[in-house]
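Just below is one structure, and these are the notes that go with it.
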Amino acid sequence: MYNHSLHQLINQVVEEKSFDLAGADQLFFTRFIANATAIQSLYNELYGNHPRGAEYFPKLLETIAAAHQNREQILKERDEAKLDKGNWFLSNDITGMSLYVDRFCGKLDQLPSKLPYFNDLGVNFLHLMPIFESPAGESDGGYAVSNFRKVDERFGNLSDLTTARKAMHKEGMYLMIDIVLNHTSHRHEWAVKAKQGDHKYQDFFYIFPDRVLPDQYDAAMPEIFPESAPGSFTFNPEMGKWVMTVFHNYQWDLNYTNPAVFVAMMDTVFFYANLGVDILRIDAPAFIWKQLGTTCQNLPQAHSLLRLIKQCVQVAAPGMALLGEAIVAPKEIMKYFGTGLYTARECDVAYNATHMALQWDALATGETKVMMAAQHEILQKPFGTTWINYTRCHDDIGLGYDDYMIEQSGYNAFEHRKYLKEYYSGNHSYSPAVGALFSVNPKTNDARISGSLASLCGLEKAVNSNDSAAIRSSINKILLMQAHSFFLGGLPMIFYGDEIGYTNDYSYLQDSGKSYDNRWMHRPIIDWNKNNKKSEEGSVEYQVFQSTKKLISIRRKLDAIGDYKNLTWLSPHNNHVAGYLRSKDDKKVYCVFNFSDSDAYLTWFAFKEHGAAPSKLYDHWRDIDVQVGPDHEYLIIPPYQFFILEVKH
Ligand code: GLC
């Protein structure tokens with residue numbers, strides 16, 4: 001809806017910047033006016049009643065205008081090229097890798113020399129794990145930021161980052177970095193000033209004089225790290241007050257009910273946008289709004305905040321997509337894509353955390369029933385948005401899907417989860433997995449799972465016992481897990497090291513800044529002698545790397561794998577098989593995966609239930625033609641194997 005006074009306010013803001021509204025800045029101005037009403041109404045929803053709300057609104061508009069003004073011409077051109085493509089991030093051309101710069105290659109200035117490695121593998125999208133300043137020993141892997149605008153010296157400096165980004169863009173690659181929106185390190189300038197008694201900055205956080213309100217909050221807030229950081233508040237002796245610290249005690253939660261915090265962080269969002277970021281990973285968005293008496297997760301205001309960020313970004317940096325890292329219950333994850341009027345206008349991308357965990361469920365049980373029971377939820381994803389699909393990342397695996405999904409599959413939810421936790425933490429007699437429980441909460445019986453893809457798939461045990469059949473089987477499992485997520489629809493994100501088959505790294509136990517957090521076991525330090533074995537035929541590294549590379553290249557060849565809301569699950573004719581159909585125009589690809597340790601027999605009828613029955617298929621994985629048989633015959637899928645079958649016309 002057009003709003004005249006808002007138009008005038010925007011005119012005032014842009015006039016000060018002497019933009020060329022009839023020329024180069026015209027598109028920006030059009031976007032600004034087009035989004036202004038949404039920006040204002042979302043802002044008022046959050047800050048309309050705040051005593052300083054009216055004061056900060058023009059500041060927000062100025063921040064948007066300044067972001068456009070400071071945006072390099074080359075990034076503006078990149079924005080337009082992306083806008084021309086539509087939802088560029090839906091493409092089957094993009095495959096990502098998430099990595100810690102220091103553990104991968106030392107420093108940012110070394111990253112450009114690794115581009116040929118990514119190119120060889122087929123990776124063209126990098127998620128650089130947090131690189132901004134973060135105190136050693138109290139960094140939560142970089143998620144406790146003490147300066148949002150200074151690259152930590154461990155990694156280099158801003159100019160190294162810009163050089164790396166330019167080199168990546170030149171090679172046709174995309175860059176993702178994090179914004180840690182929910183909290184700062186207690187050593188961030190704002191927290192330091194708060195500790196010194198500055199009330200302005202105490203209002204940037206949730207700070208209380210005594211335990212009265214913290215106790216009330218704690219009663220309803222789940223603990224995130226119950227072992228290493230119980231409760232959600234920390235006493236700060238300098239102030240003699242309690243601070244909200246939902247994650248670790250050194251991570252202070254920002255108070256987004258204060259518009260000054262929002263505007264300052266929006267400016268930070270634009271700072272990252274103007275570094276040339278293609279996808280901004282919004283860390284822990286489920287937590288950004290707190291309200292007494294609630295879990296302080298997934299609140300409606302958290303969604304309004306994200307929508308507000310999205311509308312602002314669309315004006316000044318429209319090529320930058322937003323990823324919401326909401327690792328929450330399936331129904332809740334879906335809401336981060338936006339609902340109602342804001343459907344597909346909140347986060348462009350979310351982690352498919354539900355499906356990730358369901359893959360691990362299927363691998364441990366050899367059955368895909370729970371995975372199937374969850375799909376009606378996951379399929380609600382709106383057109384124009386996409387998933388990050390993954391099997392492992394730097395975090396633990398949370399079995400976050402709903403109990404009813406487990407029960408619908410005929411299992412007891414408590415026993416089922418217990419089995420999975422025992423299976424992956426290596427406490428089950430016949431399990432080949434070597435992992436560990438993370439954040440065990442005896443009060444709720446909750447626990448998550450740590451461990452690398454390879455170790456959880458059995459490679460660590462198999463190599464240690466020099467069992468070649470077990471090594472083969474674990475490699476098959478690794479590839480099954482990767483393939484299933486690569487073709488599912490969405491951006492595949494490989495966790496660095498998994499393309500080589502890195503097993504758990506226990507060196508974190510020797511470092512007091514890490515030993516309390518077993519997620520470090522699956523964050524390897526890359527040994528380039530090991531990675532170079534990717535070219536030594538017969539080695540484990542060769543087998544995993546070359547097969548992963550092949551999967552990526554198949555994905556890139558098949559348009560139907562782009563995420564155009566074109567996924568159909570095959571009927572579950574066999575409980576051990578997860579099969580889906582991907583289609584685009586007249587192209588169809590059937591992907592079928594056997595999660596069990598025996599041959600799976602899949603009736604050919606499964607391929608005939610979705611439109612015209614194909615007669616000839618081409619398996620891109622084995623490079624062979626496959627003839628579709630009569631309904632009473634079967635496609636036989638060997639244990640932990642899969643087929644990527646394109647329909648031939
Ligand atoms: C996110 C990160 C995780 C971190 C947490 C707190 O969930 O992925 O590693 O511990 O946020 O910042």
Side-chain angles (χ1 to χ4, degrees), residues 96 98-103 127-135 137-146 148 152 176-188 191 205 221-232 234 243-254 256 265 268 279-288 290 296-298 302 306 322-329 332-333 336 347 349-354 356-357 388 390-398 400 438-439 448-452 493 495-496 508 513-523:
S98 180
L99 58 91
Y100 288 96
V101 173
D102 52 345
R103 301 171 90 77
H127 170 208
L128 304 185
M129 297 295 295
I131 44 179
F132 287 87
E133 193 185 76
S134 165
E138 293 185 324
S139 84
D140 186 22
Y143 285 102
V145 182
S146 51
F148 288 114
D152 200 297
M176 175 158 97
I177 65 168
D178 285 80
I179 181 158
V180 187
L181 208 65
N182 179 65
H183 44 259
T184 71
S185 156
H186 73 117
R187 296 195 192 280
H188 186 282
F205 301 96
M221 290 172 79
E223 291 172 300
I224 308 301
F225 299 132
E227 287 174 313
S228 54
S232 293
T234 301
V243 190
M244 186 184 281
T245 53
V246 169
F247 291 89
H248 294 100
N249 55 18
Y250 51 78
Q251 289 164 306
W252 288 23
D253 285 64
L254 283 166
Y256 280 93
M265 289 307 284
T268 313
I279 301 188
L280 186 66
R281 179 187 184 276
I282 300 184
D283 184 58
F287 298 86
I288 54 183
K290 278 79 176 180
C296 296
Q297 289 184 32
N298 306 310
L306 293 170
L322 300 181
L323 160 66
E325 188 252 349
I327 312 299
V328 290
E332 295 299 334
I333 297 185
Y336 287 84
C347 294
V349 192
Y351 281 94
N352 204 348
T354 307
M356 179 276 295
I388 292 261
Y390 63 120
T391 52
R392 287 304 289 112
C393 69
H394 68 289
D395 278 331
D396 45 285
I397 302 168
F438 174 70
S439 272
R448 284 115 70 184
I449 295 154
S450 282
S452 75
M493 183 66 86
F495 189 59
Y496 78 111
Y508 78 99
K514 296 189 171 74
S515 55
Y516 61 89
D517 186 341
N518 68 22
R519 290 177 297 175
W520 286 101
M521 76 167 60
H522 53 253
R523 299 170 178 175

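Quick caveat: nothing in here was measured; it's all calculated off a predicted structure. For ligands, and for the atoms within them, numbers begin at 1 and follow the listed sequence. Basis for what follows: all heavy atoms, side chains included, without hydrogens, waters or symmetry-related copies.
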ask   = Does Pro285 reach the side chain of Glu325, with side-chain heavy atoms less than 4.5 Å apart?
value = yes

request  = May I ask you to check whether Asn249 and His186 show a side-chain donor-acceptor distance below 3.5 Å?
outcome  = no

Side-chain heavy atoms of Phe225 within contact of Asp517, under 4.5 Å = no

ask   = Any idea which protein heavy atom is nearest atom 8 (O) of ligand 1, and the distance to it?
value = Asp395 OD2, 2.5 Å

task = May I ask you to check whether Tyr508 and Asn518 show a side-chain donor-acceptor distance below 3.5 Å?
result = no

task = Using the ring pair (Phe, Tyr, Trp, His ring centres under 6.0 Å) rule, take His522 and Phe438 through it: C-alpha gap first, then chi angles, then the decisive distance, then the call.
result = CA-CA 12 Å; His522 53 253; Phe438 174 70; 8.3 Å; no

remark   = Among non-hydrogen protein atoms, atom 7 (O) of ligand 1 lies closest to Glu325 OE2, 3.0 Å

request  = Work out whether the distance between some heavy atom of Met129 and some atom of ligand 1 is less than 4.0 Å.
outcome  = no

task = Please confirm whether Arg523 comes within less than 3.5 Å of ligand 1 when only nitrogen or oxygen atoms on both sides are compared.
result = no

ask   = Quick one: which of Trp252, Phe287, Tyr143 gives a ring pair (Phe, Tyr, Trp, His ring centres under 6.0 Å) with Phe247?
value = Phe287

task = Would you indicate which of Asp283, Leu181, Ile282 comes nearest to atom 1 (C) of ligand 1 when only heavy atoms are counted?
result = Asp283

task = Please state whether Arg519 comes within less than 4.0 angstrom of ligand 1, counting heavy atoms only.
result = yes

task = Among all protein heavy atoms, pick out the one at the shortest distance from atom 4 (C) of ligand 1; state its residue, atom name and that distance to 0.1 Å.
result = Asp140 OD2, 3.3 Å

ask   = Quick one: does ligand 1 sit under 4.0 Å from the side chain of His248, the backbone, both or neither, non-hydrogen atoms only?
value = neither

ask   = Which bit of Phe225 gets closer than 4.0 Å to ligand 1, counting heavy atoms only: side chain, backbone, both or neither?
value = side chain

Validation row, ring centre Tyr351 to ring centre Tyr390 under 6.0 Å = yes

